[in-house]
Amino acid sequence: MEKYNPEEIEIKWQKKWEESKLFEAKYKPEKKKFYILEMFPYTSAQIHMGHVRNYTIGDVVARYKVMNKYNILHPIGYDAFGLPAENAAIKQNIHPKEWTYKNIDTIRRQLKRLGISYCWEREVITCDSEYYKWNQFFFIQFFKKGLVYKKKAPANWCPSCQTVLANEQVINGRCWRCGEIVESKNLEQWFIKITEYAERLLDFYGIKNWPERVITMQKNWIGKSEGCEIYFFIPELNEILSVFTTRSDTLLGVTYLVLSPYHPLVEKILKFSQNNKEIEKFIEKIKRKSLTVQDILEIEKEGVDTKIFAIHPITQEKIPVWIGNYVLMEYGTGAVMAVPAHDQRDFEFAQKYNLPIKIVIKNPEWKEIPEKLDKAYEEPGIMINSGIFDGFDSEKGKEEVRKYLEKINKGKKAIYYKLKDWCISRQRYWGTPIPIVYCQKCGVVTEKEENLPIELPYEVKITGRGESPLKYVEKFVKCKCPVCGSDAERETDTMDTFVDSSWYFLRYASKDIKDKPFDKSEVNYWMPVDQYIGGIEHAILHLLYSRFFTKVLYDLGFVDFEEPFENLLCQGMVIKDGAKMSKSKGNVVDPEDMIKKYGADTLRLFILFAAPPEVDLEWSEKGIEGCWRFLNRVWKLHFEVKNYSEQNQENDKKLKIMINRVVKGVTEDIEKEFQFNTCIAKMMEFVNFLNKELSDKKVSRDILIDCWKKFIKILYPFTPHICEEMWKDLNEKNFLFNENWPSYEEIETIEEKISIGVQINGKIRGNIEVSPHLNAEQIYELIKNCEKFKKFIEGKKIINKIYIKNKIINLVLED
RNA sequence: GCGAGGGUGGCGGAAUGGCAGACGCGCUGGACUUAGGAUCCAGUGGGGAAACCCAUGAGGGUUCAAAUCCCUCCCCUCGCACCA
């Protein structure tokens, strides 16, 4: 027997797999398909344990499904655009392109070294103009459909780094890099109208199995609320103020209105109000404050009286108008009707400024209407003090008030969403150029499709300042108008990298990609993705954008499905010493070091064994050693099996039962929620059992070899290299990848005796061996005559016998 | 505050109404050995000499039977957070 040498075995098989193009996906419309996808890596320097976990889980699924005769697509690519490449350019004085491609080479090598069964022929690199050309193409299609527009909007601006930051780079209101408080800066930006798809994105029909929390997070992010717009006339300004409310039933309890300090009417108010000095002071104060999330939570409600009045649409009463710091311009109409009796925020504000509180909803538990409330009553109830609406249940009252308002033209049904349009402009170099041209004559026009791609110029000076470096690349900026041919200028902003990742999975699903983004029939065959695997951090952004993109492509007739990912698995983080592995914490374990020390199979095994896929995994040096020992035992056992020559059949049946049990267990645990940790535990049990069995020498060679082959097959998806080696050593010619997953028989059909638990009055008193075919009565007869149970039963009357087949029998005795 | 998930040996974790702690780590003892941080064997929730008793965050309930279902409470993690 040779010593187990993982490096030699693994590299040998990886080469063979590559030479035979074993994992190449083939479009076979007549075969049932399985598209297994893992979120592609961002091209930072190298892969980390999180990637290893993600990709190993995917590889087990892929290899398992192949053995179950699915036609598999298991692709990989690189998310290659993005800010870190520019930061590296500044810091290391290296061009973003060189940096990115160098990293891709490293990552590719590392993935191959892990032995993941990728179809390398379909690799996608998003910074390749062959790919981003189609970002530009889709942008133009979206533009034609009216889904793209430009507007001035506040962007996250870091005054110290002199650059715009993406939302996700703003942590608690501060810059992720330098910690400076992020400011808001108005810039012209390109937007895609994702809000037009809000309703369809809320519909998760077509999604089979996603973690509930991801769906909840998306629903919250979209944030639909149904209510009513109500119009208050302001005579002094001769303006109508529209407010949004979900509680139209409380309309008669309105005692004042509140505008956001950013509300457009504020300017006019400043002109007309006698209180304008104070208002100005207040607004100054609000705008000066840059607030972090924490601040907003702790901040006290403050406001200023405009001394201007609005007219209540129903009672015609004069309602004071205030400006308050607790009203958001970004939501609803930027103005609210305040009902302090039934809204806690309004209640606090009213108390502070001595504004009246009018109760209009009666808590059914109140015996009488209280004089004073100590907090707002926000639950439903019966409408009171509401004129013609008195006596209505508040839920029904919402409808009634709304209908009445509609009749008198003072309001209408309205739905608002938290979701904002997707800002895709980035003032950066390393991204897809937006295919827009500014022409003196024709205005803003899209580039002609035949002129794509608009290539990113290589020669550029990256400064890290707030403007796109492309602005200073004359060769890039100067162009001809695609409509009239006169001199024009290009847009210099590039696209958010989330555009790249919104359709990469379609590109994979297509072999023929010359002159088109993807092949429609092949994409319709492979899609939707049957199993998507990735981190929870993409719960909203990437997954929402991809769903949106797919729906638009459906509407444009590019694809025949609306949901890209049917099943989603979010794997947990890899942590060490209780914290996520990170350079700053100094607790990083490098996968390559581990592969050097133990081999890829051991690393894969450990990462699958230490925890179920969706929970966080605590790294353990001792744990990986345990897996190393296990594979060494398997290796040793293999040679003992191979050289075994006994023909004693005494325990053959027992061995058959064991292999059936483990095949059944592993199959079921993979099928059910990918419980790879218990699969491995079951295989370890089998190895422990077989070890003993071999020293007893009571099984026959043929049966043993047969069982061992089955075992190699089920271990294969987890640790493919060592399995290929053992497989070939048994004179098998096929790759295991092309073998069938073993079948199993139900235990009852092969097992003669089963050990069941014996309970007396619900207490376990021991075990008994019985045939699986016996019934409760027959088992009871056995127990009655069994010495160890006699003393519990003798002289007592049995009032019930509960037998759970093959598990337990409970005898209930009279007291 | 709201929403979701979770709390089981010294540790990672099994068991989703049916023998709690599978499997692995660690630990203890033994074998082999010049040596062992290699390998193999045995043991390992707590109490007890034993029969047995007690144990799944705390307390109550349902059931022949509860880690699992129901109620009350405590703690941890994540997400959202002035959303009108």
Side-chain angles (χ1 to χ4, degrees), chain A residues 211-221 223-225 227-228 230 243-248 250 258 260 293 296-301 324-328 330-339 342-346 348-349 378 416-419 536-537 539-540 572-573 578 605-606 609-612 614-627 629-630 632-633 636 665 669 675 677-688 691-692 695 755-768 791 799-813:
Chain A
E212 201 48 49
R213 61 189 168 138
V214 174
I215 292 178
T216 309
M217 278 161 81
Q218 292 208 353
K219 283 183 180 165
N220 289 344
W221 184 262
K224 178 181 183 174
S225 70
C228 187
I230 302 177
V243 302
F244 174 66
T245 180
T246 55
R247 290 296 302 270
S248 47
T250 62
V258 194
S260 159
V293 174
I296 289 167
L297 284 184
E298 286 154 18
I299 200 167
E300 206 187 329
K301 290 175 186 28
N325 65 349
Y326 73 103
V327 177
L328 303 173
E330 303 84 64
Y331 188 76
T333 63
V336 300
M337 60 178 218
V339 185
H342 305 293
D343 182 292
Q344 188 57 27
R345 292 159 302 181
D346 299 339
E348 284 165 28
F349 193 84
E378 295 181 323
Y416 278 90
Y417 300 92
K418 256 169 60 182
L419 182 71
I536 187 77
E537 64 273 19
I540 294 167
M573 293 185 298
L605 191 70
F606 170 70
F609 177 61
E614 67 281 2
V615 309
D616 287 352
L617 181 153
E618 174 77 34
W619 182 263
S620 154
E621 193 63 34
K622 291 286 182 192
I624 192 169
E625 270 171 33
C627 290
R629 279 199 284 270
F630 171 71
N632 274 284
R633 273 202 297 277
K636 208 179 114 205
D669 288 356
Q675 294 300 311
N677 55 332
T678 55
C679 292
I680 294 166
K682 279 164 189 162
M683 291 189 281
M684 286 171 166
E685 257 177 290
F686 179 76
V687 165
N688 293 343
N691 222 352
K692 236 179 237 147
S695 49
S755 168
I756 64 163
V758 177
Q759 287 186 334
I760 289 150
N761 281 337
K763 276 215 160 81
I764 284 291
R765 295 299 178 182
N767 286 51
I768 190 168
K791 60 181 172 186
I799 49 178
N800 206 355
K801 306 181 194 83
I802 295 141
Y803 175 46
I804 307 300
K805 200 163 164 35
N806 301 340
K807 284 192 173 150
I808 205 164
I809 185 161
N810 189 9
L811 304 177
V812 187
L813 308 181

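Just so it is clear, the structure is predicted and the values come from calculations on it, not from any experiment. Naming: A, B, ... by sequence-line order, numbering from 1 per chain.
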Gap in Å between the two P atoms, one belonging to B/A42 and one to B/G60, rounded: 42 Å
In whole Å, what separates the P atom of B/C78 from that of B/G18? 32 Å
Considering non-hydrogen atoms only, spot the tightest contact between A/T333 and A/V243 and give its length. OG1-CA, 3.4 Å
Quick one: which of B/G3, B/G24, B/C53 gets closest to the side chain of A/T216? B/G3
Over all strands shown, is A/I764 touching base, sugar-phosphate only, or nothing at heavy-atom distances under 4.0 angstrom? sugar-phosphate
RNA chain B: 5'-proximal contact among A/I756 and A/T678 (nearest heavy atom): A/T678
Check the angle between the aromatic planes of A/Y326 and A/F349 and answer parallel, tilted or perpendicular using the 30° and 60° thresholds. tilted
With heavy atoms under 4.0 Å as the rule, sort A/N632 into base, sugar-phosphate or nothing. nothing
I'd like to know if A/D343 and A/R247 make a salt bridge, using a cut-off of under 4.0 Å between side-chain N and carboxylate O. no
Rounding to an integer number of Å, can you tell me how far A/F609 CZ sits from B/G12 C1'? 9 Å
Contact class for A/K622 (heavy atom, under 4.0 Å): base, sugar-phosphate, or nothing? sugar-phosphate
Residues in salt bridge (Lys or Arg N to Asp or Glu O under 4.0 Å) with A/R765, at least two apart? none
Which value, in whole Å, describes the distance between the P atoms of nucleotides B/G7 and B/C41? 34 Å
For atom C1', what is the distance between B/C69 and B/U56, given to the nearest Å? 16 Å
May I ask you to say what A/D343 touches in the nucleic acid, namely base, sugar-phosphate or nothing, with a heavy-atom cut-off under 4.0 Å? nothing
Roughly how many Å apart are B/G79 and B/C73, using the P atom of each and rounding to a whole number? 26 Å
OG1 (A/T678) and CZ (A/F609) are apart, to the nearest 0.5 Å, by 10.0 Å
A/R629 has a side chain; which of B/G13, B/G18, B/A38 sits nearest to it? B/A38
As a check on the pairing definition, encode RNA chain B in dot-bracket form, counting Watson-Crick and G-U wobble pairs whose two distances are under 3.5 Å, and using | for partners outside this strand. (((((((..(((.....[....)))((((((.......))))))(((....)))..(((((..]....))))))))))))....
Please give me the minimum heavy-atom distance between A/K801 and A/L811, naming the atom from each residue. CG-CD2, 3.9 Å
Heavy atoms of A/V327 and A/S260 approach each other most closely as O-CB, 3.3 Å
To the nearest 0.5 angstrom, please state how far the CD atom of A/Q218 sits from the CD1 atom of A/I540. 7.0 Å
Could you tell me whether A/G626 contacts a base, only the sugar-phosphate backbone, or nothing, with contacts defined as non-hydrogen atoms closer than 4.0 Å? sugar-phosphate
Using only heavy-atom distances, decide whether a donor-acceptor pair under 3.5 angstrom links the side-chain of A/K801 to the base of B/C64. no
Reckon A/T333 touches a base, only the sugar-phosphate, or nothing at all at heavy-atom distances under 4.0 Å? nothing
Geometric class of the A/Y416/A/Y331 ring pair [parallel <30°, tilted 30-60°, perpendicular >60°]: tilted
Whole angstroms only, please: what is the CZ-C1' distance between A/R213 and B/G3? 13 Å
Which part of the nucleic acid, if any, lies within contact of A/P211, taking any heavy atom under 4.0 Å across all strands shown: a base, the sugar-phosphate backbone alone, or nothing? nothing
Heavy-atom pair with the smallest gap, counting every atom of A/A611 and A/D616: CB-O, 3.9 Å
Using a 4.0 Å heavy-atom cut-off across all strands, classify A/V327 as base, sugar-phosphate, or nothing. base
Integer angstrom distance from the C1' of B/G9 to that of B/C2: 36 Å
For A/D346, report the nucleic acid contact type (base, sugar-phosphate, nothing); a contact means any heavy atom under 4.0 Å. nothing
RNA chain B: 5'-proximal contact among A/E625 and A/V615 (nearest heavy atom): A/V615
Nucleotide nearest A/S755 (side chain, heavy atoms from C-beta), chosen from B/C19, B/C64, B/G24: B/C19
Can you figure out which of B/A81, B/A84, B/G24 approaches the side chain of A/R633 most closely? B/G24
Taking atom C1' of B/A81 as reference, at what distance in whole Å does atom CD of A/E330 sit? 14 Å
Choosing from B/A84, B/G18, B/G24, which nucleotide comes nearest the side chain of A/I804? B/G18
Ignoring hydrogens and angles, does a donor from either the side chain of A/N767 or the base of B/C19 sit under 3.5 Å from an acceptor on the other? yes
Atom-to-atom span, CZ of A/R765 to P of B/A65 - whole angstrom: 14 Å
In whole angstrom, give me the gap between the C1' atoms of B/U63 and B/C74. 27 Å
How should the glycosidic conformation of B/G9 be described, syn or anti, under the criterion that syn lies within 90° of 0? syn
At under 4.0 Å between heavy atoms, what does A/E685 touch on the DNA or RNA strands: base, sugar-phosphate, or nothing? sugar-phosphate
Could a donor-acceptor pair under 3.5 angstrom be found where the side chain of A/N220 meets the base of B/C80? no
Considering only side-chain heavy atoms of A/A681, which listed nucleotide, B/A22, B/C82, B/C53, is closest? B/A22
Out of B/A84, B/A81, B/G18, whichever nucleotide has its closest atom nearest the side chain of A/K418: B/A81
Do you know which two heavy atoms are closest between A/I808 and A/I756, and how far apart they sit? N-CB, 4.2 Å
Which whole number of Å gives the distance between the P atom of B/C82 and that of B/C71? 31 Å
Roughly how many Å is it from CD1 in A/I680 to P in B/G12, rounded to a whole number? 18 Å
From the list B/C41, B/A84, B/G13, which nucleotide is the closest neighbour of the side chain of A/N677? B/G13
Considering only side-chain heavy atoms of A/N810, which listed nucleotide, B/G18, B/C53, B/A84, is closest? B/G18
Please determine whether a side-chain nitrogen or oxygen atom of A/N800 lies at a distance below 4.0 Å from atom OP1 or OP2 of B/A65. no
Provide, to the nearest angstrom, the distance between the OH atom belonging to A/Y803 and the C1' atom belonging to B/C64. 16 Å
Separation of B/A4 atom C1' from A/I215 atom CD1, nearest Å, is 13 Å
Nearest-Å distance for atom pair OH/P, residues A/Y417 and B/A84: 13 Å
Looking for any heavy atom pair under 4.0 Å, which part of the strands does A/S620 touch: base, sugar-phosphate only, or nothing? nothing
